Structure formats: structure tokens, C-alpha cells
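Below is one structure; the comments refer to it alone.
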Amino acid sequence: MRNRGVELGVGIFMLVGALALAMLAINVSGLSLSNQQGTYKIYARFENVGGLTARSKVTMSGVTIGNVSSITIDRKKLMALVEMEINADVNYLTSDSSASILTAGLLGEKYIGVTSGAADDEILKEGDFIEDTQSSLVLEELIGKFLFNQASE
Amino acid sequence: MQAVADNLILLGRFVLERIAAIGRSGMILMHAVIARPDPATSFPLLVRQLYSVGVLSMIIIVVSGLFIGMVLALQGYTILVDYGTEQAVGQMVALSLVRELAPVVTALLFAGRAGSALTAEIGLMKTTEQLSSMEMIGVDPLRRIIAPRFWAGLISLPILTMIFSAVGIWGGLLVGVEWLGIYEGSFWSNMQNSVDFFDDIGNGLIKSLVFGLVVTWVAVFQGYDSVPTSEGISQATTKTVVYSSLAILGLDFILTALMFGDL
């Protein structure tokens with residue numbers, strides 16, 4: 001009978017361990033299996049991505065609709081080429097959408113904000129480009145402009 | 001001249017003895033890992049050891065996890081509230097627990113709670129000549145005694161680490177949300193944004209596996225290799241706790257540098 005207690009104890013121990021792992025996975029790291037819905041890729045060129053990194057968020061009206069998958073240099077235009085993975089259910093971004101690099105809070109992380117346009121008939125598909133982009137705000141450039149204006153007055 | 005020569009001889013003997021001990025511990029590890037398990041007898045033995053090594057360590061793990069989580073939340077809050085970013089408490093508690101504190105503290109407690117018990121048990125078996133009697137009746141003590149204890153330690157420590165993290169985060173929630181009044185939604189969402197399952201929780205698991213291997217290896221070896229006297233057992237038990245604690249802290253630095261060094 002004592003052996004039975006031991007087996008029960010070990011069983012409970014392992015179950016509690018598995019539960020703890022599940023809790024860590026779902027509650028703490030936000031791992032969700034339903035996120036495998038598929039994505040499509042769109043691109044945008046920016047003058048300056050200053051601080052944007054891969055895995056940064058892509059949002060529309062503050063709601064996350066995807067993430068940045070890679071940032072490279074476009075050799076022909078010499079601009080930063082940002083590849084974004086957008087969730088497949090967001091299938092209503094128009095071709096005249098605009099993308100801008102924004103900052104969460106004063107010192108927060110960079111993310112991309114997408115604003116959809118008015119051209120209802122042309123929807124962005126896999127591999128399309130967002131032409132209308134606005135670069136990251138670089139503090140040093142702003143200060144430089146300000147000083148230049150002060151000096152010229 | 002004679003004194004110098006004597007000291008040199010002593011030094012040489014000491015070094016050779018250490019190298020031989022490393023060799024013996026390696027042989028024990030190989031035996032324990034390679035020993036072909038016989039399902040009919042090894043499985044009940046393993047369950048028995050999982051109980052004494054894992055289940056009986058649970059109380060100390062749960063209690064210390066709870067308090068460490070609570071202290072982390074309290075300390076983090078007092079600093080972060082000055083900058084108006086007290087929502088980041090959840091992120092701070094979760095990251096420091098999952099990446100660092102849970103594997104290390106669990107392994108240290110495990111070395112003190114289970115490792116020392118393993119050494120003392122095996123050492124006493126050796127002293128009372130139970131191990132030699134087993135050999136006499138044709139039972140391999142490495143297979144019957146060492147292997148199940150080794151595997152039990154290796155399996156238990158990651159489970160205990162997961163329990164430690166989960167309870168610690170719950171303790172942080174208790175202090176941060178229930179007591180200090182952080183908004184619960186931002187507590188969780190900050191945490192989920194910053195913790196990655198494979199990078200953070202996965203690496204914590206790998207750490208605890210390595211620590212489990214080291215702690216049980218040291219414990220089992222020190223017991224098996226102890227001088228068969230009561231003094232020898234006490235020395236072996238002390239060595240287990242000291243060596244495995246040092247190994248845990250040293251390995252933790254190396255593993256952290258390998259896993260998170262490039263971030």
C-alpha cells in the first residue's frame with residue numbers, strides 16, 4: 001500500500017511540473033498555438049529606420065497586425081528595405097496606405113504604424129510595396145535643424 | 001633539500017589523486033548512463049527515487065519560489081515607481097526568474113536538500129558494506145543503486161525549476177497586483193511581450209538540465225567514493241554541497257554568456 005502512495009506522489013509531482021510549464025508557456029510567454037494562421041509579406045522603403053529591429057511590431061490604429069521580419073539595404077535606391085509579415089486576416093490594406101516609424105513613449109521601442117488609404121479597389125498582396133513612408137524621428141537631426149534655424153535668424 | 005623533495009612528492013600525489021578521482025567519477029557517470037535498463041526492475045526503482053529526490057523537495061522549492069517572487073516584485077516596485085514604470089514589474093519578475101533565479105536557486109536548494117541526502121545514503125551503504133554484499137550476490141550496485149538515483153535527479157530538477165518559476169511569478173503577482181495595486185492587465189501584457197518561450201523559458205530549462213546532471217553526478221560520486229567511516233561520510237556530504245554549489249554558479253555564468261551574451 002505504501003508503494004501506491006509513492007506512485008501517486010510521483011504522478012502528482014510530474015503533473016504539477018507539466019502544469020507549471022504550460023502556465024509559463026501560455027500565461028507568461030504568451031505562446032499561442034492559434035497564431036499559426038499564416039501571414040503575407042509586404043515591403044516598405046525608409047530613408048532611416050533608426051532603432052527599428054526585426055520582430056518589432058506593425059500596428060494599425062494601435063492594434064498589432066504583424067511584425068517586422070527583416071531589415072536590409074536596398075542596393076539600387078540606397079534606402080532601408082523593411083520586410084513585414086502581416087496576419088492573413090488583415091486583408092484590407094489599400095495600395096495607397098502609408099507606413100511610418102513611431103516610438104512607443106518618449107524612450108520606448110520603435111514600431112511601424114500603418115494607415116490605410118482610400119483606394120478601395122486595390123488591396124496590398126504578398127510582395128507589394130507601401131510607397132508612402134515616413135522615416136524614424138532622429139533626435140540628433142532635429143536638434144541640428146533647430147540649431148541651424150537659430151543661427152540663420 | 002629533503003623537505004622540498006617531500007613537499008614535491010606530496011604535491012604530485014595530491015594532483016595524481018585528483019586526476020584519478022575525475023577519472024573514477026567519469027566511469028561512474030558512464031556506467032549510470034549506459035547501464036542498459038531492465039524495465040521490470042528499474043522502473044519501480046526510478047519511481048521510488050523520484051519520490052525521495054523530487055517529491056520531497058517540492059515543499060522547500062514552492063516556499064522559496066513564492067518568497068523570492070514576492071521580494072523581486074517588492075524591490076522592483078520601489079525602484080520602478082520612481083520612473084512611473086511600475087507596470088514593468090511583471091516583466092522584470094518573469095525575466096529574472098525564468099532566465100536566472102529559478103534554475104540557479106532551485107539547483108542550489110536541490111544540492112542542499114537532495115544531493116546531500118543522496119551522498120549520505122550511498123556513503124552509509126558503502127560503510128555498512130551493503131554495496132559489497134550486492135556485488136557478492138551478483139547484483140551490480142552501479143545499476144541497482146547509482147543509475148536510478150542519477151536519472152531521478154536529472155528528471156526532477158527541470159520539473160522543480162518549472163514549479164519554482166510558476167510559483168515565483170504567482171508570488172510577484174500577489175505582491176505587485178494584489179498589494180501594491182499595479183494594473184493586472186499591464187502586468188501580464190508587459191510580461192508576455194518580453195518573455196519568449198524558446199529563448200527564455202527554453203534556455204532556463206537547458207540550464208536546469210545541466211545543473212541536474214552536475215548536482216546528481218557530484219552527489220552520487222561523492223557517496224560512492226567516500227571513505228567508509230562516519231567521518232568520511234560527513235566529509236563527503238560537505239564536499240557534495242560545496243562542489244555542486246560552486247559548479248552551479250560557475251556553469252551558470254558560462255551558460256548565460258553563451259545564451260544571452262550576444263543580446
Side-chain angles (χ1 to χ4, degrees), chain A residues 1-36 51-59 61-71 85 87 102-113, chain B residues 43-58 61-62 65 83-85 87-88 90-91 93-95 97-98 102 152 155-170 172-173 187-202 204-205 208:
Chain A
M1 238 30 242
R2 183 164 153 66
N3 210 14
R4 183 109 192 120
V6 169
E7 282 168 10
L8 267 179
V10 174
I12 291 169
F13 172 61
M14 297 190 119
L15 277 181
V16 171
L19 270 180
L21 182 64
M23 179 261 185
L24 286 176
I26 294 162
N27 262 348
V28 177
S29 73
L31 187 81
S32 66
L33 298 173
S34 58
N35 207 8
Q36 310 293 329
L52 192 77
T53 56
R55 287 183 60 194
S56 296
K57 284 189 288 192
V58 177
T59 66
S61 309
V63 180
T64 306
I65 56 168
N67 62 304
V68 173
S69 51
S70 78
I71 300 174
E85 284 178 346
N87 294 341
L102 306 171
T103 312
L106 198 59
L107 299 168
E109 54 181 340
K110 302 274 183 189
Y111 65 97
I112 293 184
Chain B
F43 193 69
L45 286 174
L46 179 65
V47 170
R48 175 91 234 153
Q49 289 309 317
L50 273 176
Y51 184 78
S52 63
V53 167
V55 178
L56 296 181
S57 307
M58 237 167 96
I61 295 298
V62 167
Y83 303 98
T85 52
Q87 294 87 353
Q91 170 184 354
V93 169
L95 277 183
L97 270 176
V98 165
I155 295 170
S156 302
L157 193 53
I159 298 180
L160 289 170
T161 304
M162 289 299 106
I163 296 174
F164 189 99
S165 304
V167 172
I169 288 166
W170 185 66
L173 180 84
F187 182 89
W188 285 116
S189 68
N190 256 322
M191 195 187 285
Q192 292 180 356
N193 279 338
S194 57
V195 179
D196 184 83
F197 182 71
F198 296 102
D199 282 354
D200 297 320
I201 298 175
L205 261 178
S208 69

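Numbered from 1 within each chain, the chains take letters A, B, ... in sequence-line order. As the structure is a prediction and not an experimental result, all values here were calculated from the model.
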Review point. Could you walk me through whether A/L24 and B/I169 pass the side-chain contact (heavy atoms from CB on, under 4.5 Å) check?
Key: CA-CA 9 Å; A/L24 286 176; B/I169 288 166; 3.7 Å; yes

Practice item. Identify which of B/S156, B/S189, B/P158 forms the greatest number of heavy-atom pairs closer than 4.5 Å to chain A. Key: B/S156

Review point. Chain A heavy atoms under 4.5 Å from B/I201: which part of the residue, side chain, backbone, both or neither?
Key: side chain

Point to revise | Part of B/M191 lying under 4.5 Å from any heavy atom of chain A | key: both

Study note, to complete from the structure: Interatomic distance, CG@A/L15 vs CD1@B/I159, rounded to 0.5 Å, equals 9.5 Å

**Study point:** Atom group of B/I155 that falls short of 4.5 Å from chain A, counting heavy atoms
**Key:** side chain

Exercise for review: Answer with side chain, backbone, both or neither: which region of B/S194 has an atom nearer than 4.5 Å to a non-hydrogen atom of chain A?
Suggested key: neither

Exercise for review: Could you grab the distance from atom CG of A/N27 to atom CD of B/Q192, nearest 0.5 Å is fine?
Suggested key: 6.5 Å

**Study point:** Which atoms of B/N190 approach chain A - backbone, side chain, both or neither, heavy atom under 4.5 Å
**Key:** neither

Revision key, fill the gap. Looking only at heavy atoms, the pair that brings B/A166 and A/M23 closest together is CB-SD, 3.8 Å

